[in-house]
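Take a look at the structure set out below.
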Number of protein chains: 2
Amino acid sequence: MDSRELRYFVAVAEELHFGRAATRLGIAQPPLSRTIQQLERRIGVTLFDRTSRSVALTTAGEVLLHEGRRALTALTAAERRAQRAGSPRLVLATKPISDGGLLEKILAHYAADPASVEVEVRICSIGEQAVLLREGEADAALLRFPHDDADGFAYEELLTEQDVAVLPRTHRLAARESLTMSDLSGEQFPHWPGFPPNGGPLVRDAAQLMQLIALGRTIALLPESTRHHLRTDLIGVPVTDAPTSTLAIAWPEDSRSRPLAALVEAAVNSAPR
Amino acid sequence: MDSRELRYFVAVAEELHFGRAATRLGIAQPPLSRTIQQLERRIGVTLFDRTSRSVALTTAGEVLLHEGRRALTALTAAERRAQRAGSPRLVLATKPISDGGLLEKILAHYAADPASVEVEVRICSIGEQAVLLREGEADAALLRFPHDDADGFAYEELLTEQDVAVLPRTHRLAARESLTMSDLSGEQFPHWPGFPPNGGPLVRDAAQLMQLIALGRTIALLPESTRHHLRTDLIGVPVTDAPTSTLAIAWPEDSRSRPLAALVEAAVNSAPR
DNA sequence: GGATATGGATACTCTGAAGGTATGGATTCA
DNA sequence: TGAATCCATACCTTCAGAGTATCCATATCC
């Protein structure tokens, strides 16, 4: 199959509207209609049930949307990885607050390796690391289980922490030595992107989250290590029965790059124990 | 990136010769040279070191070959899976001899499910199941670990067996009650495709293997269950310290098809214990 | 060392696929 | 019933991709 056709198909499948999809693709509507028809004819299945008023995916269309997206990201990933293969430099994707204080150690450890190359650290917004890794923009990423998803990646677990409640210092529970989850039952938690809305404010990055907590609009359960770099108007209070999460370094399963292997090793050696 | 360019690149990378690659692609050499030049220019890296006498992959080229092959199979897989999504039918890929006698049970179990759909069984030659699964030709495959590789697939282990030595009845060891690996040290084992040559005859399918064993040209270590359907001129002799192998059913990690889930369940329920 | 062969690059020509505009025809809605 | 919406069709245009002929560099051989 031609990747152009697939890109067009995905656009229509996402918009469920030929006109809008055409605009998004920067072409006129008629050639888009034709291309989709050609695609359907060539592969021999109907992809959309369309009336003159509505467009809906068929079962086959749903499958093609799902698998096709994968194929397209694989395509762009191939290109990006090839581009970056020339320049001897690693890109490490990480979230701003949840590196468990390990990031500096990892970089120092790795830099001590005489064969080390330059490491570019890309601070990502929430959930973005996996995308960067999948699209070949990054060589490795620090992920946090179970929040992040490592399917299709190899990974090494680095450290497991319990969450603490991050509260404004003015919060009624801020002075407590420790809390239990039931103490937090009435609280408003943030709405993480990619998760179902829970009534809380939508949060895209760490600074924004901290600001919202400071304003008393939400509170959050974050890994213990974040306590070391909280703003002065916030406080982290232990929660005895809080969930734990595990920091891991992940990389594309099939990568056989030496510098990457050294970086992973440095990360593992930087982890406690 | 355009999939056409990538296909052209892969052809040249595999042939390391523009003329041959062009022939293979069914086009003339000049447009191929131009397309590769355009690709290099667009992504900004040199993919081949070429003199007027030789063509060699650069590091970036190697990366693109590896990743690009993946992307192309993902592309064809997307198409095949979409094509097959319409017709309610499952394709199960398996090797001819190594189903552990389980295949019939699985099919019977599954057919008993009132919601079951037709199952096409594709008998594969060695190592072909993973390819069929990867390319979207099959919905599930019976694999044998550690011989087969399940990377990128989900799987359930079904049963573990110890290998027996399959010998011609005329073989000097054929009458023995049992053997050890050291008894077999002087024997000629077959050359499995995809493995380094070991001097033995290259074997592509089961019938061929059995024939070669009967002729005394080779012997093989095969799962115990194959003893039930050996030719009468062959015999399977237990080997006390032979390696074990595990039969598993594998499927594309991200498949969410109901009939497939039912088939997997039937397979698990068909397995001993 | 000159003749020959090999193999990728370049110059040019041409065709068809991809894109554009105009419009048709079905459905919804006021 | 008329207007609006939206996908399909008809027809035209353009440029990317394919072809042929040829050049140029290097290896090979007598």
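Proteins get letters first, then strands, A, B, ... in listed order; numbering begins at 1 in each.
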B/S/- along nucleotides 7-12 of chain C (protein heavy atoms under 4.0 Å) is SBBB--
Going 5' to 3' on DNA chain D, which nucleotide is the first and which the last to come under 4.0 Å of a heavy atom in chain A? D/dT5 to D/dC11
Quick one: side-chain hydrogen bond (donor to acceptor under 3.5 Å, both in side chains) partners of A/Gln208, sequence neighbours excluded? none
ring-ring contact (aromatic ring centres under 6.0 Å, His included) filter on A/Phe9, not counting sequence neighbours, yields A/Phe48
Check: A/Thr76/A/Arg80 side-chain N/O donor and acceptor closer than 3.5 Å: no
Using atom CZ of A/Arg7 as one end and atom C1' of C/dA18 as the other, report the distance to the nearest whole Å. 15 Å
Once you apply a heavy-atom cut-off of 4.0 Å, does A/Tyr8 come out as touching a base, just sugar-phosphate, or nothing? sugar-phosphate
Partners meeting salt bridge (Lys or Arg N to Asp or Glu O under 4.0 Å) with B/Arg70 (sequence neighbours left out): A/Asp254, B/Asp151
Between P of C/dA17 and CG of A/Leu39, the distance in whole Å: 16 Å
Does B/Phe153 have any ring-ring contact (aromatic ring centres under 6.0 Å, His included) partners at least two apart in sequence or in another chain, and if so, which? none
Sequence neighbours excluded - side-chain hydrogen bond (donor to acceptor under 3.5 Å, both in side chains) pairs with any residue from residues 189-200 of chain B: none
My understanding is that only residues two or more places apart in sequence, or in another chain, count here; which of them pass salt bridge (Lys or Arg N to Asp or Glu O under 4.0 Å) with B/Glu15? B/Arg20, B/Arg24
Output all residues satisfying salt bridge (Lys or Arg N to Asp or Glu O under 4.0 Å) with A/Arg69, sequence neighbours left out; order by chain, then residue number. A/Glu14
Taking atom C1' of C/dA17 as reference, at what distance in whole Å does atom CZ of B/Arg4 sit? 12 Å
Rounded (10°) bend between the five-pair end axes of the helix from C/dG1-D/dC30 to C/dA30-D/dT1: 20°
Taking only residues two or more places apart in sequence or in another chain, which ones pass ring-ring contact (aromatic ring centres under 6.0 Å, His included) with A/Tyr155? A/Phe145
Salt bridge (Lys or Arg N to Asp or Glu O under 4.0 Å) involving A/Glu5 - partner list, sequence neighbours excluded: A/Arg42
